[in-house]
Amino acid sequence: LLDEPVDVNALLRGVREKLALMTDKSLDISCDFRSDRHVIRGDPNLLEQALLHIALNASEALEDGGTLSLSTERADVDEQFARARPNISAGSHIAIEIADDGPGIPPELRQKVFEPFFTTKDRQENAGIGLAMASGVAKAHMGDLSLDESDGGARLRLLVPLLAEEPPESDLHQPRQVTAGGAPAQ
């Protein structure tokens, strides 16, 4: 696991660019960042993979287009919340939410979505490992991945601890830009 300062908003902007290249053009991808910068310590490559898995899973639920939203905001985790989730500690976190306006996840399946190899799709189409992997990445970063159980659409929320002090801009991980062919930009 890499351990470097990562600007989550910059990481999500890169995820949005990749999603725009990988998904149907009828999908509207919006971003809402509550401040200019949220810095965490972690592995930017694993975090990007986890966020892409979550977002691609959501986009697949939007068969005829729709809206996929990526958002961040500061979340202060209290002791009671932290006790209910053994992997997370009290303190300042970044809440990364990926939401869609699709049909939602049926109540009987909500407990299973983070299980490895669970899928509602044809096995040949999808291995069912994306959300399980994303949950593992959250735990590796002392965070938590949860599903909002509201009806209509799905909202996944990743909580990761914020750095107490933000490093200078020059110390932050810089995401690579991609071209329409998916190759890194020069």
Residue pair Ile40, Leu163: steps toward the side chain to side chain contact (heavy atoms under 4.5 Å, CB included) verdict: CA-CA 5 Å; Ile40 63 170; Leu163 281 179; 5.6 Å; no

Side chains of Arg34 and Thr72: do they bring a donor and an acceptor to under 3.5 Å?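 Result is no, nothing qualifies.
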
Under the 3.5 angstrom rule, does the side chain of Ser135 hit a backbone N or O of Ala132 as a donor-acceptor pair?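 Checking the backbone N and O of Ala132 against the side chain of Ser135, no donor-acceptor pair under 3.5 Å is found.
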
Under 3.5 Å: donor-acceptor pair, side chain of Asn87, backbone of Gly143: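 Yes, Asn87 side chain to Gly143 backbone: donor-acceptor pair under 3.5 Å.
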
Closest approach of [X] to [Y] (non-hydrogen atoms, all atoms of both residues):
{"X": "Ser92", "Y": "Asp76", "value": "OG-OD1, 3.1 Å"}
{"X": "Gly42", "Y": "Val6", "value": "O-CG2, 3.9 Å"}
{"X": "Arg157", "Y": "Ala75", "value": "NH2-CB, 3.8 Å"}
{"X": "His141", "Y": "Val137", "value": "ND1-O, 2.8 Å"}
{"X": "Thr23", "Y": "Ile29", "value": "OG1-CD1, 4.2 Å"}
{"X": "Ala82", "Y": "Ser89", "value": "CB-C, 3.8 Å"}

Taking the side chain as every heavy atom from C-beta outward, state whether [X] and [Y] have any pair of such atoms under 4.5 Å apart.
{"X": "Asp43", "Y": "Asp3", "value": "no"}
{"X": "Phe33", "Y": "Arg13", "value": "yes"}
{"X": "Ile88", "Y": "Met142", "value": "no"}

Gap between atom [atom2] of [Y] and atom [atom1] of [X] - 0.5 Å precision:
{"X": "Leu159", "Y": "Arg85", "atom1": "CG", "atom2": "CZ", "value": "7.5 Å"}
{"X": "Ile105", "Y": "Leu147", "atom1": "CD1", "atom2": "CG", "value": "4.5 Å"}
{"X": "Leu162", "Y": "Arg41", "atom1": "CG", "atom2": "CZ", "value": "13.0 Å"}
{"X": "Glu97", "Y": "Ser71", "atom1": "CD", "atom2": "OG", "value": "4.5 Å"}
{"X": "Leu11", "Y": "Ile96", "atom1": "CG", "atom2": "CD1", "value": "7.5 Å"}
{"X": "Ile98", "Y": "His53", "atom1": "CD1", "atom2": "NE2", "value": "11.5 Å"}

Determine the sole option in Val160, Asp144, Val77 for which the side-chain contact (heavy atoms from CB on, under 4.5 Å) test with His93 is passed.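 The passing option is Val77.
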
Let's go through Val39 and Val8 carefully: what are the C-alpha distance in whole Å and the side-chain angles of both, what is the deciding distance for side chain to side chain contact (heavy atoms under 4.5 Å, CB included) to 0.1 Å, and is it a yes or a no? CA-CA 6 Å; Val39 181; Val8 174; over 6 Å; no

Worked verdict on Leu68 versus Asp28 for side chain to side chain contact (heavy atoms under 4.5 Å, CB included): CA-CA 6 Å; Leu68 180 67; Asp28 178 33; over 6 Å; no

Does atom CD (Glu108) have a neighbourhood of more than 12 heavy atoms from anything else shown, all under 6.0 Å?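 Buried by this count: over 12 neighbours within 6.0 Å.
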
Working for side chain to side chain contact (heavy atoms under 4.5 Å, CB included), residues Leu62 and Thr67: CA-CA 8 Å; Leu62 302 170; Thr67 301; over 6 Å; no

